[in-house]
> 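Input: one structure, supplied below.
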Amino acid sequence: MGHGGDIIQELTTDHREVEELFGKIEALPMGDERRKEYADEAVIELVRHSIAEEQYLYPAVREFLPDGDEIADKELEDHAGAERTMKELEGRDADDPEFDRLIGELMQEIREHIRDEEDNLFPRLRQAATGEQLDKLGDKARMAKKAAPTRPHPSAPDTPPANKILGPGVGMVDRVRDALTGRTKKY
């Protein structure tokens, strides 16, 4: 899928990619090892996506929307819950009975989060910010995703400036771990 454009287009593309991975998981029978592979890919995408939102989308929401603090705080709570679920899922194989419960929980959390962003947050932000502002945020979000961690870190800071300082270092460590374990070849 094509990435690019403003922050809303970029994040919406991420949403479609994650939903595609969820569909692949749902299409396979329980216990199929490919479900774990797709779940790992989804987690990588979700963590990178969350980093971009936490570093750039939610600060913009706080700046441009009158109730932005309340909205951003709720979105960060959603992220924290999903990140805890991803962390629990991380060490489980597809034939682990908890795998199916956890992946189902994660898919539900993420689908609700996506629906809320696309139906409410994104349209409001598009009204409040200029095209140029949204374009710049899109560029920054893409850069953040390149350096972002690939594994969940529920105790890591999720607001600037700490997340912008620590994120790239954690991301580098995650990518080394991924390479050493063969977790995925895509990143």
> Any ion pair linking R142 and D139 (charged N to carboxylate O, less than 4.0 Å)?
yes
> Testing the basics here: between A94 and D32, what is the closest heavy-atom pair and its distance to 0.1 Å?
CB-O, 3.2 Å
> Could E37 and R34 be called an ion pair, given the rule that one side-chain N must be under 4.0 Å from one carboxylate O?
no
> Which atoms form the tightest heavy-atom contact between R35 and I25, and what is the distance?
NH1-O, 2.8 Å
> Hey, which of K74, E53, R84 is the one that makes side chain to side chain donor-acceptor pair (under 3.5 Å) with H79?
E53
> Could you check whether R111 pairs with E105 (Lys NZ or Arg NE/NH1/NH2 to Asp/Glu carboxylate O, under 4.0 Å)?
no
> Any heavy-atom pair between the side chains of D93 and E33 that's under 4.5 Å?
no
> Any chance you could measure H49, atom NE2, to E17, atom CD, to the nearest 0.5 Å?
10.5 Å
> Of the non-hydrogen atoms in L125 and A60, which two are nearest, and what is the gap between them?
CD1-O, 4.3 Å
> Could you state the interatomic distance from CG (L89) to CD1 (I103), rounded to the nearest 0.5 Å?
5.0 Å
> Could K136 and D6 be called an ion pair, given the rule that one side-chain N must be under 4.0 Å from one carboxylate O?
no
> Locate the shortest heavy-atom distance separating L11 from A52; write the atom from each residue and the value.
CD2-CB, 4.5 Å
> Should E109 and H113 be marked as a side chain to side chain donor-acceptor pair (under 3.5 Å) after you check the CA-CA gap, both sets of side-chain angles, and the distance that decides it?
CA-CA 6 Å; E109 290 170 332; H113 181 75; over 6 Å; no
> Per the side chain to side chain contact (heavy atoms under 4.5 Å, CB included) rule, which among R124, E70, Q127 passes with L65?
R124
> Does a side-chain N-to-carboxylate-O contact under 4.0 Å join D73 and R62?
yes
> Considering only NZ, NE, NH1 and NH2 on the basic side and carboxylate oxygens on the acidic side, decide whether D14 and K145 come within less than 4.0 Å.
yes
> With a 4.5 Å cut-off on side-chain heavy atoms, are E75 and E117 touching?
yes
> Consider only side-chain N and O atoms of E83 and S50, and report whether a donor and an acceptor are under 3.5 Å apart.
no
> If you measure from CG on L57 to CD1 on I7, what distance do you get to the nearest 0.5 Å?
5.0 Å
> State the OG1-CD distance between T85 and Q108, to the nearest 0.5 angstrom.
10.0 Å
> Determine, stepwise, if the pair L46 / V18 fulfils side chain to side chain contact (heavy atoms under 4.5 Å, CB included).
CA-CA 7 Å; L46 289 167; V18 167; 3.9 Å; yes
> Please round to the nearest 0.5 Å and tell me the distance separating atom CG of L134 and atom CZ of F64.
7.5 Å
> In terms of side-chain geometry, is the basic nitrogen of K140 or D135 positioned less than 4.0 Å from the acidic oxygen of its partner?
no
> Between H15 and E19, is any side-chain donor less than 3.5 angstrom from a side-chain acceptor?
no
> Does R92 reach the main-chain N or O of F99 with its side chain, forming a donor-acceptor pair under 3.5 Å?
no
> With a 4.0 Å cut-off, would you call D95 and K36 a salt bridge?
no
> Please determine, by modelled atom types, if Q133 and T130 share a side-chain donor-acceptor pair under 3.5 angstrom.
yes
> Mind checking whether V43 and E90 have side chains closer than 4.5 Å, heavy atoms only?
no
> Between F22 and I110, is the side chain to side chain contact (heavy atoms under 4.5 Å, CB included) condition met? List the steps.
CA-CA 10 Å; F22 286 169; I110 297 304; 3.9 Å; yes
> Going from CG on L121 to OH on Y58, what distance comes out if it is rounded to the nearest 0.5 angstrom?
7.0 Å
